[in-house]
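Heavy-atom basis, side chains included; hydrogens, waters and symmetry copies ignored. One is the number of the first residue; the rest follow in order along the sequence.
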Amino acid sequence: MTDTWLIVGLGNPGSEYSDNRHNVGQMVLDELASRMGGKFKTHKARAQVVEGRLGIGGPRVVLAKPMTYMNVSGGPVAGLSKFFDIVPDRVIAVHDEIDIPFNTVKLKIGGGEGGHNGLRDISKALATKDYLRVRVGVGRPPGRMDTADFVLRDFATAEKKQLPFLLDEAADAVELLVNEGLLAAQQKHHAARS
């Protein structure tokens, strides 16, 4: 077992999905890769990865964007955790969350998947729900709009203005999580919205 962290940004491959709410996890990873000065490279586990350290003297991390569709993210995550010898409690899934308001970041370990098929597939592939999640709020669908239709749409114009700040906050949450632990990250990011 290594002390490396696997940070997975969930989303769908292809430019037609790149700005969708469902891809906010991958947007956060782009921000983290930018902070690390790294470029994503294709890995045999069907993912784009960047290896490096978060912050000066920070922990070693593997940033990963699965190249599969969201609902089959588990294969790449399990493959990377095996390849890099990373245990589930050092795996962080960064994903869109409709059950918290837009512009909000929450963190947790384990628990249910809340109907999120990407998380469900990761739990199945890792044979546990006990991995960390950085939940990036995208809000609820308006009216009677289908949830799938909502998350597969781009952010609204007003949201796009706030999006850089949300991605920055989510990236900060990931950094705090790997450097200081879940409790410290929850105290900072949950308190900000209470």
Side-chain angles (χ1 to χ4, degrees), residues 7-35 40 47-48 63-74 76-77 91-125 129 131-177 182 185-194:
I7 305 166
V8 183
L10 298 187
N12 285 314
S15 58
E16 68 272 29
Y17 297 107
S18 63
D19 294 328
N20 288 177
R21 288 179 178 89
H22 221 20
N23 276 44
V24 76
Q26 293 195 349
M27 295 176 199
V28 172
L29 260 71
D30 289 337
E31 170 61 26
L32 288 167
S34 171
R35 291 179 182 192
F40 284 95
Q48 296 279 323
L63 305 180
K65 299 194 292 188
M67 292 161 52
T68 58
Y69 283 95
M70 171 78 81
N71 59 354
V72 287
S73 300
V77 174
V91 173
I92 302 169
V94 185
H95 65 90
D96 60 310
E97 177 64 71
I98 63 164
D99 290 329
I100 57 176
F102 172 75
N103 220 11
T104 303
V105 176
K106 300 269 186 191
L107 303 94
K108 72 176 188 173
I109 186 165
E113 291 96 4
H116 198 295
N117 292 330
L119 293 177
R120 188 174 294 127
D121 200 59
I122 292 170
S123 297
K124 184 176 157 193
K129 294 181 179 189
Y131 54 91
L132 294 148
R133 297 107 186 264
V134 174
R135 306 158 66 212
V136 184
V138 296
R140 293 206 64 81
R144 296 175 179 257
M145 181 187 285
D146 180 71
T147 301
D149 290 341
F150 177 70
V151 296
L152 291 174
R153 286 193 176 179
D154 290 357
F155 287 97
T157 305
E159 291 172 329
K160 284 180 184 171
K161 291 181 178 142
Q162 293 299 314
L163 190 58
F165 302 104
L166 177 61
L167 299 178
D168 197 49
E169 182 182 348
D172 287 348
V174 170
E175 283 202 49
L176 194 57
L177 179 57
L182 179 60
Q186 285 176 326
Q187 286 174 335
K188 179 175 192 319
H189 292 278
H190 294 198
R193 300 285 185 239
S194 311

Apply side chain to side chain contact (heavy atoms under 4.5 Å, CB included) to Lys65 and Asp30, showing your working. CA-CA 9 Å; Lys65 299 194 292 188; Asp30 289 337; 2.7 Å; yes
If you define the side chain from C-beta out and look only at heavy atoms, does anything of Gln26 sit under 4.5 Å from Phe40? no
Kindly give the heavy-atom pair with the smallest separation between Ala93 and Ile122, and that separation in Å. CB-CD1, 4.5 Å
Of Ile109, Ile7, Leu182, Asp172, which is the lone residue that meets side chain to side chain contact (heavy atoms under 4.5 Å, CB included) with Leu177? Leu182
Verdict with supporting geometry, Leu32 and Val94, side chain to side chain contact (heavy atoms under 4.5 Å, CB included): CA-CA 11 Å; Leu32 288 167; Val94 185; 5.6 Å; no
Side-chain atoms of residues 140-150: list all donor-acceptor pairs with protein atoms under 3.5 Å, sequence neighbours left out, distances to 0.1 Å.
unit_1 : atom_1 : unit_2 : atom_2 : d
Arg140 : NH1    : Asp99  : OD1    : 2.6
Asp146 : OD2    : Ala148 : N      : 3.1
Asp146 : OD2    : Asp149 : N      : 3.3

For the pair Asn12 (side chain) and Tyr69 (backbone), establish whether a donor and an acceptor sit closer than 3.5 Å, ignoring hydrogens and angles. no
Of all heavy-atom pairs between Ser73 and Thr68, which one has the smallest distance, and what is that distance? CA-OG1, 3.8 Å
Give the minimum heavy-atom separation between Gly112 and Arg133, together with the two atoms involved. O-NH1, 3.1 Å
Verdict with supporting geometry, Met70 and Val151, side chain to side chain contact (heavy atoms under 4.5 Å, CB included): CA-CA 12 Å; Met70 171 78 81; Val151 296; over 6 Å; no
Are there more than 12 heavy atoms of other residues, nucleotides or ligands under 6.0 Å from atom CZ of Arg153? no
Any non-hydrogen side-chain atom of His190 less than 4.5 Å from a side-chain atom of Leu107? yes
Closest non-hydrogen atom pair, Ala170 against Val136: CB-CG2, 3.9 Å
Taking C-beta and beyond as the side chain, do Val105 and Lys188 meet within less than 4.5 Å on heavy atoms? no
Which atom names give the shortest non-hydrogen contact between Pro76 and Ala47, and what distance separates them? CB-CB, 4.5 Å
Per the salt bridge (charged side-chain N to carboxylate O under 4.0 Å, His left out) rule, what does the pair list look like for residues 11-26, sequence neighbours excluded? Arg21-Glu159
With side chains defined as the heavy atoms from C-beta onward, is the minimum distance between Tyr131 and Val77 less than 4.5 Å? no
Are Glu97 and Lys106 close enough, and set up right, to give a side chain to side chain contact (heavy atoms under 4.5 Å, CB included), and what steps lead you there? CA-CA 9 Å; Glu97 177 64 71; Lys106 300 269 186 191; over 6 Å; no
With rounding to the nearest 0.5 Å, note down the distance linking CG in Leu10 to NE2 in His22. 8.5 Å
Please, which pairs that meet side chain to side chain donor-acceptor pair (under 3.5 Å) have at least one residue in residues 107-121, sequence neighbours excluded? Asp96-His116, Glu113-Ser123, Asn117-Arg120
Heavy-atom closest pair (Leu166 atom, Phe102 atom, distance to 0.1 Å) is CD2-CE1, 3.7 Å
Working to the nearest 0.5 angstrom, can you tell me the gap between Ile92 CD1 and Leu29 CG? 9.5 Å
